[in-house]
Amino acid sequence: MGQTLTYKLLENHLVSGALTPGSEITIRIDQTLTQDSTGTMVYLQLEAMDVEKVQTEISVAYIDHNTLQTGFENADDHAFIESVAKRHGVVFSKPGGGICHQVHLENYGVPGKTLLGSDSHTPTGGGLGMIAIGAGGLDVAMAMAKGTYSVTAPKVLGVNLRGSLRPWASAKDVILHVLRELSVKGGVGRIVEYFGEGVKTLSVTDRATITNMGAELGATTSVFPSDENTKAYLTAQGRADVYVALEADVDAVYDEVLDVNLSDLTPLAAMPHSPDNVSEISKLSGIKVDQVAIGSCTNSSYSDLMKVAAILKDRTVHPEVSFVIAPGSAKILSKLAENGALKSLIDAGARILENACGPCIGMGQSPKSGAVSLRTFNRNFKGRSGTQDAEVYLVSPETAALSALTGYITDGMQDGANLGIELPHIPDETFVPKSSFSVFSEETNTSNTEVVMGPNIKPFPRNVALGDTLSGEVVLQVGDHVTTDDIMPSDSRLLPYRSNVPYLSNFCFEKIDGAFPERARNADGGVIVAGDNYGQGSSREHAALAPLQLGIRFVIAKSFARIHRSNLINSGILPLVFENGDDYDRIALGAKLVIDDARKQLDASSITVRNENSGDTFVVTGGFSKLEKKMILAGGKINQTREDA
Ligand code: MIC
Ligand code: SF4
């Protein structure tokens, strides 16, 4: 029986465990990446581990999320990360270099290697044939310290691509189609592997758009083969030497297969407020647009922006549309400046933002009240743009640019030709000999560098070993698909406090229930009760650390998103799953829930929870691996690592 590419790559990196879906494996990690909003925690944790030099082939620290420097906090975080990077052999990518995933693809990604990143969109690297996984900060710190990562061996969901995209249908529409088919939890426990004839019709940056948004499927990661297009991309980056050809065996067997005929796809949009709420653009035609934003790690590549420039050349954006572009990297911006495309964009009325995450994470450019905002980004959760009542649609760069011209959601397939717009073919090409933004290398790093820590950087909260009885009061009950943006909101007001969990925790669940922090603090231990897919979205471990700071002891949900579940366990908070989903309705706010003999019950396949108020009992499951149990018993990953040392 032939092997999938996924299992070939996992096997190449296997350190321990059996490569069968559902069992825990430890793999070698070749590369790590961090960004500033999760990075300060990662490097505080790395410092706490007393490691001289990172154990990976390359680790890079990017500054891309918060580059506004509205106060000293932000600049202090940058200085801290820079000093730790220098101390431990980590490459530092200065603010302005670009968005971590885009810059990593251009400068450091290598087919066949593993990459662990403290950002949920790390799977972007799958476009280059990498096993690139997003994880919580502590897991990434550990990977830097030890060169390994433990994960549940996934099922492999094969996506068989046939045909080729027609003009105006793009890579974004491929992943939106897959999201429509599979939903935001369809990828949980799976790696999505693309194969088939259609693969060769997609460039590396097309593939990266698709693997990037695989995060929205809840998948462990997504991966493409490495082929002639990969070679062309790497050559255009001046890195042809790292190319290797990689693909699944012809007789590879997938656990599940989804067939996608690229030739059938039309322009699509994810409608408010979820990436899987997908519709054909043709059905939305005529909706008036107030804002168009192009950029983010999903769609800010050279070819994306060149297509936008071609659509806008010698035209002007609609007078009532606010139009912004954030290029993915300094290299891309430099190339656009060199070939004149930047002039077309500016002359058409585009506001050019810094090469950074910017509006994608609510760092400016919040739309006006009730606005319709078309964004080429990957998440449209309610309020993430910074405007609670904005209607955010996720679309391709082509659809975004065309709609910016007309002022209405516009379908290129129906109207592009009428408007006289031809889409050129743009190869991936951004070679700029030197990126002045990446500084330090293994050679220049020095272990005697002093760590610079500003006054806003506070120690992270620590848990205690699990007691015999675990109890808490239900301080919050929420529904399905709660995101980590809901748990720990992020915007220009709060992002400067990512290294100050005590302060940040005052805003935990702010958008859902402003009284939550106080209620949780006043309870003698808190419990959160939730619906399906709890903690989807961002990898921010602050969504576990802030609840820990407020005294949350366990969370009972109908199901959990992968990274958040790991972050809870890393913090020593138990993620428990209702055996019978109906029990969710039998729990009321304020109920005192008790787990007797908690340490012992952890070993059983199911755990009994007592509701002291109603006198009922109900059953939950943990599904914990051996390592996860050790972490929970110890009160989190750091305590467990100390015990093991
Ligand atoms: C996001 O897109 O939500 C972020 C901001 O990049 C996060 C990381 C964070 O919250 O800092 C992610 O996706 O992991
Ligand atoms: Fe940055 Fe947005 Fe990508 Fe997150 S999704 S890494 S905020 S561009």
Side-chain angles (χ1 to χ4, degrees), residues 33-42 62-68 74 77 81 93 95 97-105 116-125 132-137 139-140 175 208-209 211-216 218 221 270 275 293-301 304 324-329 353-365 375-381 383-386 392 394 483-492 494-499 501 504 535-546 561-564 566-567:
L33 71 76
T34 59
Q35 39 88 343
D36 49 309
S37 71
T38 53
T40 45
M41 277 300 140
V42 175
Y62 294 94
I63 305 288
D64 56 357
H65 278 60
N66 190 0
T67 54
L68 288 186
N74 188 197
D77 280 354
I81 294 177
S93 172
I99 305 172
C100 55
H101 308 302
Q102 180 63 41
V103 181
H104 204 85
L105 202 69
L116 196 74
S118 66
D119 190 280
S120 62
H121 290 103
T122 304
T124 312
I133 303 177
D139 287 315
V140 177
I175 187 63
T209 293
T211 58
N212 170 285
M213 267 191 96
E216 276 52 68
T221 187
I294 293 180
S296 92
C297 55
T298 315
N299 278 120
S300 60
S301 67
D304 283 340
V324 296
I325 298 179
S329 73
L353 305 179
E354 192 176 9
N355 317 313
C357 299
C360 178
I361 184 61
M363 297 302 286
Q365 303 305 325
R375 299 178 159 216
T376 64
F377 309 166
N378 46 40
R379 292 185 173 141
N380 59 345
F381 305 142
R384 181 173 158 106
S385 66
V392 176
L394 306 176
T483 70
T484 46
D485 282 85
D486 295 325
I487 305 172
M488 198 56 261
S490 238
D491 52 24
S492 55
L494 293 181
L495 216 51
Y497 298 97
R498 283 295 186 92
S499 36
V501 176
L504 209 56
Q536 68 159 328
S538 153
S539 66
R540 65 190 70 146
E541 62 193 334
H542 303 76
L545 292 174
R562 175 185 65 90
I563 305 179
H564 186 58
S566 297
N567 285 339

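Both counts, for ligands and for their atoms, begin at 1 and track the order of listing. The model shown is predicted, which means the values in this text are computed figures rather than measured ones.
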Checklist line | R379 heavy atom under 4.0 Å from ligand 1 | finding: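 Right, R379 reaches ligand 1.
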Please find the pair of heavy atoms, one from [X] and one from [Y], that lie closest to each other, and give the distance.
X	Y	answer
A543	I487	O-CG2, 3.5 Å
D486	P489	O-CD, 4.0 Å
T484	G535	CG2-O, 3.6 Å
H121	C297	CB-SG, 3.9 Å
L116	A135	CD1-CB, 3.9 Å

Should you measure from each heavy atom of [X], which atoms of ligand 1 turn up under 4.0 Å away?
X	answer
Q35	8 (C), 9 (C), 11 (O)
D119	4 (C), 6 (O), 7 (C), 8 (C), 12 (C), 13 (O), 14 (O)
I361	5 (C)
S37	9 (C), 11 (O)

Notebook entry, point to check: With a 4.0 Å cut-off on heavy atoms, does R379 reach ligand 2?
Noted result: no
Check: Out of T34, T38, D139, which one pairs with S118 under the side-chain hydrogen bond (donor to acceptor under 3.5 Å, both in side chains) rule?
Finding: T38
Next item on the list: Apply the test side chain to side chain donor-acceptor pair (under 3.5 Å) to residues R379 and S120: give CA-CA distance (whole Å), side-chain angles for both, the deciding distance (0.1 Å), then the verdict.
Entry: CA-CA 11 Å; R379 292 185 173 141; S120 62; 2.7 Å; yes
Which residue owns the protein heavy atom closest to [atom], what's the atom, and how far is it?
atom	answer
atom 2 (Fe) of ligand 2	C360 SG, 2.3 Å
atom 1 (Fe) of ligand 2	C357 SG, 2.3 Å
atom 3 (Fe) of ligand 2	C297 SG, 2.3 Å
atom 4 (Fe) of ligand 2	H65 NE2, 3.7 Å
atom 13 (O) of ligand 1	S120 OG, 2.5 Å
atom 7 (C) of ligand 1	S538 OG, 3.1 Å

By number and element, which atoms of ligand 2 are closer than 4.0 Å to a non-hydrogen atom of [X]?
X	value
H101	6 (S)
D119	6 (S)
N378	5 (S)

Checklist line | Option whose closest heavy atom lies nearest to atom 2 (O) of ligand 1, chosen from R384, R540, H65, H121 | finding: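 Among R384, R540, H65, H121, the closest heavy atom to atom 2 (O) of ligand 1 belongs to R384.
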Next item on the list: Under the side-chain contact (heavy atoms from CB on, under 4.5 Å) rule, what do R562 and I133 come out as? Steps first, then yes or no, please.
Entry: CA-CA 11 Å; R562 175 185 65 90; I133 303 177; 3.6 Å; yes
Checklist line | Q102 CD to Y62 OH distance, which is reported to the nearest 0.5 Å | finding: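 Rounded to the nearest 0.5 Å, the CD-OH separation comes out at 10.5 Å.
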Next item on the list: Could you tell me whether the side chain of R375 and the main chain of P359 form a donor-acceptor pair under 3.5 Å?
Entry: yes
Check: Would you say H121 has an N, O or S atom lying under 2.8 Å from atom 1 (Fe) of ligand 2?
Finding: no
Checklist line | Check: D64 and D36 side chains under 4.5 Å, non-hydrogen atoms | finding: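 Yes; the side chains approach each other to less than 4.5 Å.
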Item checked: Side chain, backbone, both or neither: the part of H542 lying under 4.0 Å from ligand 1 by heavy atom -> neither
